[in-house]
Student: 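Once you've had a glance at the structure underneath, I'll fire off some questions.
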Amino acid sequence: MNTKQLGNWQTTVFGIVLAILVLFGLNSFVIINPGQAGVISILGKATDGALLEGIHIKPPFISVIDVYDLTVQKFEVPAESSTKDLQNLSARFAINFRLDPSQVVQVRRKQGTLENIVSKIIAPQTQEAFKIAAARRTVEEAITKRSELKEDFDTALGNRLDKYGIIVLDTSVVDLAFSPEFARAVEEKQIAEQRAQRAVYIAREAEQEAQADINRAKGRAEAQRLLAETLKAQGGQLVLQKEAIEAWKSGGAQMPNVLVMGEGSQGSIPFIFNLGKLSNQS
């Protein structure tokens with residue numbers, strides 16, 4: 001083997017060794033970005049301790065890194081239940097959650113991927129939590145006291161998901177629906193209440209009208225009493241004369257055939273006697 005061949009062989013070996021070292025080097029560390037956590041599995045077995053953000057050393061070729069997103073996740077989950085009065089109630093919840101970094105390894109061992117977490121853990125636990133919250137109240141209370149329903153649901157769901165390493169940050173009731181039978185019952189109840197309110201209004205209106213009639217009758221009686229007192233008092237005859245003249249005017253202001261005055265024309269009532277009418281009647 002000459003010197004040139006030896007040099008080529010050494011160059012080839014050096015290149016192979018360098019390539020192996022580079023390959024090992026690239027597979028000996030992993031970078032975990034902010035908002036993530038990694039779980040290292042060596043020969044198919046997950047090791048304890050989650051890998052948080054930064055650079056981490058790992059065994060090359062025989063290890064696999066599963067990276068989980070620790071930021072807030074949002075999924076909408078449907079749920080159905082029966083209320084205390086045995087009415088069907090359905091809802092759709094928007095669940096905001098994130099994974100507990102200290103329990104990521106257990107999540108990897110028991111649930112696996114994020115899709116499994118949603119479908120196998122969050123969805124069924126949402127259903128159970130909704131059943132607990134809905135069973136404590138009637139369907140009408142579930143609608144009128146929606147905030148209390150959500151509070152009970154949040155408490156039940158948080159307690160159930162905590163043991164799975166899932167932290168519930170917030171929930172929202174996207175939709176809350178009830179059976180068509182209850183919808184008709186609510187409509188009929190509203191119609192009945194409106195009719196009752198209308199009946200109360202009519203009764204109050206009649207009562208007020210009756211009271212007004214009483215007040216008018218009292219007013220007329222008081223006016224008559226005052227008029228009687230006036231007639232009894234000095235000058236009452238003048239009032240009667242004035243009333244007679246006013247009555248004559250209101251009858252058409254026609255000149256009577258005969259105007260009879262009593263004794264003492266200044267103090268008696270004029271008596272209107274229409275001869276024309278008597279002649280017509282004859």
Side-chain angles (χ1 to χ4, degrees), residues 32-39 50 52-53 66-194:
I32 304 298
N33 295 318
Q36 295 180 335
V39 178
L52 302 180
E53 60 182 87
D66 295 296
V67 179
Y68 288 86
D69 192 347
L70 299 182
T71 60
V72 178
Q73 306 292 321
K74 178 182 177 180
F75 287 91
E76 290 190 7
V77 183
E80 294 183 358
S81 179
S82 295
T83 57
K84 187 168 62 176
D85 53 349
L86 303 180
Q87 294 287 336
N88 293 328
L89 189 66
S90 60
R92 191 170 187 86
F93 292 94
I95 312 295
N96 293 332
F97 69 94
R98 65 180 179 86
L99 300 179
D100 187 350
S102 64
Q103 298 191 47
V104 170
V105 176
Q106 295 300 321
V107 171
R108 172 63 183 85
R109 288 172 176 170
K110 295 180 179 180
Q111 284 82 49
T113 63
L114 182 62
E115 290 75 12
N116 286 342
I117 294 173
V118 174
S119 62
K120 296 182 179 181
I121 303 299
I122 296 180
Q125 295 303 330
T126 297
Q127 179 70 39
E128 293 300 319
F130 183 56
K131 287 181 179 179
I132 294 174
R136 294 178 178 176
R137 49 187 50 84
T138 63
V139 64
E140 186 173 356
E141 291 172 344
I143 297 171
T144 58
K145 300 179 180 179
R146 191 165 175 169
S147 59
E148 296 181 6
L149 175 69
K150 179 182 177 298
E151 184 178 351
D152 290 345
F153 171 78
D154 289 348
T155 301
L157 184 63
N159 293 337
R160 285 176 167 271
L161 294 183
D162 182 65
K163 60 183 178 181
Y164 294 101
I166 302 171
I167 301 174
V168 179
L169 302 176
D170 187 30
T171 65
S172 300
V173 183
V174 178
D175 186 26
L176 189 65
F178 37 84
S179 63
E181 292 79 9
F182 179 75
R184 287 194 296 270
V186 171
E187 183 178 359
E188 291 174 358
K189 180 179 179 181
Q190 291 177 344
I191 293 174
E193 289 178 351
Q194 291 175 356

Student: Got a sec, which pairs hit ring-ring contact (aromatic ring centres under 6.0 Å, His included) with one end in residues 145-171, sequence neighbours left out?
Tutor: Phe93-Phe153
Student: Of the non-hydrogen atoms in Val139 and Asp85, which two are nearest, and what is the gap between them?
Tutor: N-OD1, 3.3 Å
Student: Measuring from Leu157:CG to Asp152:CG, what's the distance to the nearest 0.5 Å?
Tutor: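 Rounded to the nearest 0.5 Å, the CG-CG separation comes out at 12.5 Å.
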Student: Please check: side-chain N/O of Asn159 versus main-chain N/O of Thr155, any donor-acceptor pairing under 3.5 Å?
Tutor: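 Side chain of Asn159 to backbone of Thr155: a pair is present.
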Student: For a quick test of reading the model, state the closest non-hydrogen atom pair linking Leu70 to Ala37 and the distance between them.
Tutor: CD1-CB, 3.6 Å
Student: Nearest 0.5 Å, what's the CD1-OH distance between Ile117 and Tyr68?
Tutor: 6.5 Å
Student: For residues Val118 and Phe97, determine if any side-chain heavy atom of one lies less than 4.5 Å from a side-chain heavy atom of the other.
Tutor: yes
Student: Taking only residues two or more places apart in sequence, or in another chain, which ones meet Glu76 in a salt bridge (Lys or Arg N to Asp or Glu O under 4.0 Å)?
Tutor: Arg92
Student: Apply the test side-chain contact (heavy atoms from CB on, under 4.5 Å) to residues Gln125 and Val168: give CA-CA distance (whole Å), side-chain angles for both, the deciding distance (0.1 Å), then the verdict.
Tutor: CA-CA 12 Å; Gln125 295 303 330; Val168 179; over 6 Å; no
Student: Give me the atom names and distance for the closest heavy-atom approach of Ala50 to Val104.
Tutor: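 Closest pair (atom of Ala50, atom of Val104, distance): CB-CB, 4.3 Å.
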Student: Going by salt bridge (Lys or Arg N to Asp or Glu O under 4.0 Å), name the residues that satisfy it together with Asp66, two or more places apart in sequence or in a different chain.
Tutor: Arg108
Student: How long is the gap from CG on Asn88 to CD on Glu80, to the nearest 0.5 Å?
Tutor: 7.5 Å
Student: Apply side chain to side chain donor-acceptor pair (under 3.5 Å) to Asp154 and list each qualifying residue two or more places apart in sequence or on a separate chain.
Tutor: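 Partners of Asp154 by the side chain to side chain donor-acceptor pair (under 3.5 Å) criterion, ordered by chain and then number, come out as Lys150, Thr171.
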Student: Only pairs at least two apart or in different chains count here, so list each salt bridge (charged side-chain N to carboxylate O under 4.0 Å, His left out) that has a residue in residues 110-124.
Tutor: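 Residue pairs with at least one partner in residues 110-124: there are none.
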Student: Using the salt bridge (Lys or Arg N to Asp or Glu O under 4.0 Å) criterion, which residues pair with Arg146? Sequence neighbours excluded.
Tutor: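 Once residues adjacent in sequence are excluded, Arg146 has no partner under the salt bridge (Lys or Arg N to Asp or Glu O under 4.0 Å) criterion.
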Student: Tell me the closest heavy-atom pair linking Gly35 and Asp69, and the distance in Å.
Tutor: O-OD1, 3.3 Å
Student: Give the minimum heavy-atom separation between Arg137 and Thr83, together with the two atoms involved.
Tutor: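 Shortest heavy-atom separation between Arg137 and Thr83 comes out as O-CB, 3.4 Å.
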Student: I need the Ile166 CD1 to Asp100 CG distance, nearest 0.5 Å.
Tutor: 10.5 Å
Student: If you compare all heavy atoms of Gln111 against all heavy atoms of Gln106, which two are closest, and at what distance to 0.1 Å?
Tutor: OE1-O, 4.2 Å
Student: Distance from Ile143 atom CD1 to Leu149 atom CG, nearest 0.5 Å?
Tutor: 10.0 Å
Student: From Ile95 CD1 over to Thr126 OG1, what is the distance, rounded to the nearest 0.5 angstrom?
Tutor: 4.5 Å
